[in-house]
Amino acid sequence: MADLAGIFKAYDVRGVIPDTLNADISRAIGAAFARVVGGPAVVVAHDMRPSSPELARAFADGVTGQGVDVVFTGLGSTDLLYYGSGSLDLPGAMFTASHNPAQYNGIKMCRAGAAPISSDTGLAEIRRLAEEGVPAHDGPVGTVTEQDLLSGYAEYLRSLVDLSGIRPLKVVVDAGNGMGGHTVPAVLEQGAPLEIVPLYFELDGTFPNHPANPLDPANIVDLQKKVRETGADIGLAFDGDADRCFVVDEGGDAVPPSAITALVAVQELAKHPGATIIHNLITSHAVPDIVREHGGVPMRTRVGHSFIKATMAETDAVFGGEHSAHYYFRDFWKADTGMLAAMHVLRVLGTDGRPLSEITAEYSRYAASGEINSEVADAAERMVAVREAFADRDGATVDELDGLTVELPGGSWFNLRASNTEPLLRLNVEAADAESVNGLRDEVLAIVRS
């Protein structure tokens, strides 16, 4: 097999179809996965991209060729795959490129119980074996069993958050032609007084309406408009593989993921007093503030699901949130599920007489820049220049847990991180007000882009 360095990322596989990822490569990766992870069987699911069924079947062929069985679930969201891995206690593979454009596809893999796999915990070995050629298996081949997990997934989520007793709500959902169109009806249209107004529920991996990336404000414009037109109580937007969920309030305004993290944390702390809540270092400082106010223990970690899940395992945390709208639950095998986070928000909204904008205002305490990307020729050199500019300022504290984080007097702070895959530096700034954010943002960007 050719060099696969270009498609093996830190946490998953991602490539262009068919140039860098095709059925033959998928089959080789499946065989390598079976060798490295082992187990009696592997759960395999795929999204709605045109290439996904062929890639998933080829991967299954590679697995069974090594004498390992496959539980093939067909269409599913990434969190449905995690449900399968957790409930069946089996390793899993999900075929999706999440929010990437239509020409991409990829594989998200996990160990039994939805435990993450990264370059340091097996992904590099899977790549090596796939490149070198997996030794032939001299025993009987495995079998493929088809199993629909959608109803079990939906029932399990409803057992964690009961929406049956809430007040009636009108909910606009933009599935972006992704897997939310498959999972939302199964989860939210049963047993709850919700009027779902669907946007782009048709499964279409060519994304004819807009990219399935709600992190880009341009991609939630239709949702915002529909919420205002219909007088809805809330809007939800899912990404392509439906593991992330973004929220807009009754006025069509986006609710920051940090505010959702704080809101859900309060719900989890009500059930588990004194528990640990994980937040990555780009999350608003409002999150640890609110966690402490409600008797919880905030735990700061690096950006990325492997770090969040590892820290959750070490601390037995009940919940974790990221600025990118990934939400992790101990009750969901420490895996991320946007659907469960959405259900928590719906429950709070449905048991509180106030509109969502008033509820979430309690959890949005600071002004923020959002993530700003700068293309640079030498990321390391620019990071050093920024560090030198701020390190000796009175009252400044600097840490390098993940990139460069600088805390300044008065509550202002910023984080500057290099992208793992592109020549980019990513800047996030937070302060007491927009004017302070803009001033600090401009000062840092002037150094980064000089």
[Y] side chain reached by [X] side chain, heavy atoms, under 4.5 Å:
X      : Y      : result
Val13  : Ile126 : no
His99  : Tyr104 : no
Lys108 : Asp241 : yes
Leu263 : Ile359 : yes
Ser77  : His182 : no
Phe319 : Thr261 : yes
Arg49  : Ile17  : no

> Excluding sequence neighbours, so at least two apart, what forms ring-ring contact (aromatic ring centres under 6.0 Å, His included) with Tyr200?
Replying inline: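 By the ring-ring contact (aromatic ring centres under 6.0 Å, His included) rule, Tyr200 matches His210.
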>> Against Asn280, only a single residue in Arg300, Arg302, Glu322, His326 fulfils side-chain hydrogen bond (donor to acceptor under 3.5 Å, both in side chains); can you say which?
In response: Glu322
Does the [X] side chain pair with the main chain of [Y], one donor and one acceptor, at a distance under 3.5 Å?
X      : Y      : answer
Asp79  : Tyr82  : no
Arg244 : Ser324 : yes
Glu430 : His285 : yes
Ser258 : Ser284 : yes
Thr64  : Asp61  : yes
Glu131 : Leu4   : yes
Asp402 : Val303 : yes
Ser85  : Arg111 : yes

For [X], does the [atom1] atom sit with more than 12 other heavy atoms under 6.0 Å from it, leaving out its own atoms?
X      : atom1 : result
Asp378 : CG    : yes
Glu400 : CD    : yes
Glu375 : CD    : no
Gln267 : CD    : yes
Tyr363 : OH    : yes

> Parallel, tilted or perpendicular: which describes the rings of Tyr11 and Phe307, with under 30° parallel and over 60° perpendicular?
Replying inline: perpendicular
>> In terms of relative ring orientation, are Phe59 and Phe95 parallel, tilted or perpendicular, with 30° and 60° separating the classes?
In response: perpendicular
> Under 4.0 Å between a Lys/Arg side-chain N and an Asp/Glu carboxylate O for Lys9 and Asp12?
Replying inline: no
>> Check Arg35 with Glu132, please: is the shortest side-chain N to carboxylate O separation under 4.0 Å?
In response: no
>> Can you confirm if the NZ or CZ of Arg57 lies within 45° of the ring axis of Phe72 and under 6.0 Å from the centre of its six-membered ring?
In response: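 Yes, a cation-pi geometry holds between Arg57 and Phe72.
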>> Centroid separation under 6.0 Å, is that true for the rings of Phe329 and His344?
In response: yes
>> On a heavy-atom basis, which atom in Ala5 and which in Arg127 lie closest, and how many Å separate them?
In response: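 For Ala5 and Arg127, the tightest heavy-atom pair comes out as CB-NH2, 3.3 Å.
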>> For Glu268 and Arg330: C-alpha separation, side-chain torsions, deciding distance, then whether salt bridge (Lys or Arg N to Asp or Glu O under 4.0 Å) applies.
In response: CA-CA 10 Å; Glu268 291 292 278; Arg330 185 176 68 186; over 6 Å; no
>> Would Ile278 and Tyr328 count as a side chain to side chain contact (heavy atoms under 4.5 Å, CB included) here? Give the steps.
In response: CA-CA 9 Å; Ile278 306 296; Tyr328 306 79; over 6 Å; no
>> Between Leu340 and Tyr327, is the side chain to side chain contact (heavy atoms under 4.5 Å, CB included) condition met? List the steps.
In response: CA-CA 8 Å; Leu340 189 53; Tyr327 304 106; over 6 Å; no
